[in-house]
There are 2 protein chains.
Amino acid sequence: MKLSEGVEWAIHACALLAAVPPRAALPTRKLAEFFDLPLAYLAKHLQRLSNAGIVIARKGPRGGYALARPAREISLLDIVEAIEGRSPCFSCTEIRRRGPSGAPATAYRRPCGIARAMWKAEKAWRAELARVSLREIQAMGLAETPAAQVKKATAWMETALS
Amino acid sequence: MKLSEGVEWAIHACALLAAVPPRAALPTRKLAEFFDLPLAYLAKHLQRLSNAGIVIARKGPRGGYALARPAREISLLDIVEAIEGRSPCFSCTEIRRRGPSGAPATAYRRPCGIARAMWKAEKAWRAELARVSLREIQAMGLAETPAAQVKKATAWMETALS
DNA sequence: TATAAACGGATGAAATTTGTCCATAACAGA
DNA sequence: TCTGTTATGGACAAATTTCATCCGTTTATA
């Protein structure tokens, strides 16, 4: 049960995009540079964010990515689902129907109780992720980062956008 | 973010073991037969349950597996962790320290806010799993299974133990 | 028109999951 | 004590998924 590393990349990328001034955009190349990540692979993840409508892409010179809506309206769940997909972590293969005491699907009244319990837990996980906005993530990042680094990052952003 | 199929197998196996009378034990071969699963691989998962102390193993003829404690005292979380391990789903690779505005670990006051948020959600998931006992799973199984199948399973169990 | 950027398909490498096999140890019953 | 049965754990193989790169195409800007 492992989340792909891309989730971490995507959240960090979105948090950085939250700091981009309105109308401006950061290209993949700059994002990869900021986090020292492989450009081509990061691009794949950004495409997913784009397809999910979390981020808008502008092609051509001075193009790049920007948040599609205010950071307050983007949740961690949005980002996680954009990268990992929306299918449940636990998939029920209907083991109960197999073996000597099994029966065809029509025989059972409800979905398997095991699956229901697992899905309920998953729901709690998603609910918790949905409660956290990118805005809060951004604020936490600012609070935990030393002033010197914040300054560096701000300076970097200016040259990246110019 | 996928749970291994072994989790499903393990929970079903434990639920069946919960129906085994005291002092008796079900060998891997019988469990594999009941669920129509590959014996050798199922054995691996049962070993994990054994190592985790959820199940006790008895070697030799008339041996096999039995629950190590009452079903009421075994949670879904116990089983999931026995199979999947206890390490967090989200692993923080500290990408905030990389790139042009990064700094060594000592510079940061707290763990990364992104990781904290992800871990909090994970905690909610685990808490939900911890709330469900094998006893409840067993009861749900009984409620959702047609009487004919329950009968078949009971008969199967008798011959399996004789 | 030249350039910079996203897009998406193809492909390859690495890691993980899934699954088998076997040698060994432990145990019950004859 | 002997025999057959079972768990244990290591080695190994196959399949799947994740990680990563490359390239041709499209789109937009100056």
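Order of the sequence lines fixes the chain letters, A, B, ..., with proteins taken first and strands second; residue numbering starts at 1 for each chain. No experiment lies behind these values; they were computed from the predicted model shown.
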So with a 6.0 Å cut-off around [atom1] of [X], is the heavy-atom count from everything else above 12?
X: A:Arg72; atom1: CZ; answer: no
X: A:Arg98; atom1: CZ; answer: yes
X: A:Arg62; atom1: CZ; answer: no

> For B:Ala24 and B:Leu161, which heavy atoms make the closest approach, and how far apart are they?
Replying inline: CB-CD2, 4.0 Å
Quick one: [X] [atom1] to [N] [atom2], roughly how many Å, whole number?
X: B:Met1; N: C:dT16; atom1: CE; atom2: P; result: 17 Å
X: A:Trp9; N: D:dT18; atom1: CH2; atom2: P; result: 14 Å
X: A:Leu3; N: D:dC19; atom1: CG; atom2: P; result: 10 Å
X: A:Ile56; N: C:dC7; atom1: CD1; atom2: P; result: 11 Å

>> So if I take residues 27-55 of chain B and measure heavy-atom distances to DNA chain C, which residues fall below 4.0 Å?
In response: B:Pro38, B:Ala40, B:Tyr41, B:Lys44
Counting only pairs under 3.5 Å, give me each side-chain donor-acceptor contact of residues 3-23 of chain A, with atom names and distances, residues two or more places apart or in other chains.
from	atom 1	to	atom 2	distance (Å)
A:Ser4	OG	A:Gly6	N	3.3
A:Ser4	OG	A:Glu84	OE2	3.1
A:Glu8	OE1	B:Thr93	N	3.3
A:Glu8	OE1	B:Thr93	OG1	2.8
A:Glu8	OE2	B:Thr93	N	2.8
A:Glu8	OE2	B:Thr93	OG1	3.2

> Among residues 10-23 of chain A, which contact DNA chain D at a heavy-atom distance under 4.0 Å?
Replying inline: none
> Is there a residue in residues 153-162 of chain A whose heavy atoms reach under 4.0 Å of DNA chain D, and which residues are they?
Replying inline: none
>> Regarding B:Gly64, tell me which of base, sugar-phosphate or nothing describes its non-hydrogen contacts under 4.0 Å with the strands shown.
In response: sugar-phosphate
>> So if I define the base as every atom that isn't primed, P, OP1 or OP2, how would nucleotides 25-30 of chain C read as a B/S/- string at a heavy-atom cutoff under 4.0 Å?
In response: -SBB--
Can I get a per-line list of side-chain donor-acceptor pairs under 3.5 Å for residues 39-56 of chain A, giving both atom names and the distance, sequence neighbours left out?
from	atom 1	to	atom 2	distance (Å)
A:Arg48	NH1	A:Ile83	O	2.6
A:Asn51	ND2	A:Gln47	O	3.4

>> Nearest heavy atom decides the nucleotide; on that basis, is A:Leu26 or A:Lys2 closer to the 5' end of DNA chain C?
In response: A:Leu26
> Can you name the side-chain contact (heavy atoms from CB on, under 4.5 Å) partners of A:Lys152, sequence neighbours left out?
Replying inline: A:Gln149, B:Ser101
>> Given B:Val132, which partner from the list B:Ile79, B:Leu77, B:Leu76 fulfils the side chain to side chain contact (heavy atoms under 4.5 Å, CB included) test?
In response: B:Leu76
> Listed by chain and number, what are the salt bridge (charged side-chain N to carboxylate O under 4.0 Å, His left out) partners of B:Arg97, not counting sequence neighbours?
Replying inline: B:Glu94
> Is any side-chain N of the basic residue among B:Glu128 and A:Lys123 closer than 4.0 Å to the acidic one's carboxylate O?
Replying inline: no
> Salt bridge check: are B:Glu33 and B:Arg29 linked by an N-O gap of less than 4.0 Å?
Replying inline: no
Could you list, one pair per line, each protein nitrogen or oxygen that sits under 3.5 Å from a nitrogen or oxygen of nucleotides 14-16 of chain D, together with the distance?
none

> Is there any salt bridge (Lys or Arg N to Asp or Glu O under 4.0 Å) pair reaching into residues 105-119 of chain A, and which pairs are they, with sequence neighbours excluded?
Replying inline: A:Arg116-B:Glu144
> ring-ring contact (aromatic ring centres under 6.0 Å, His included) with A:Phe34: which residues, sequence neighbours excluded?
Replying inline: A:Trp156
> Considering residues at least two apart in sequence or located in another chain, which fulfil the side chain to side chain donor-acceptor pair (under 3.5 Å) criterion with A:Arg135?
Replying inline: none
> Do B:Trp125 and B:Val80 have side chains that get closer than 4.5 Å, going by heavy atoms?
Replying inline: yes
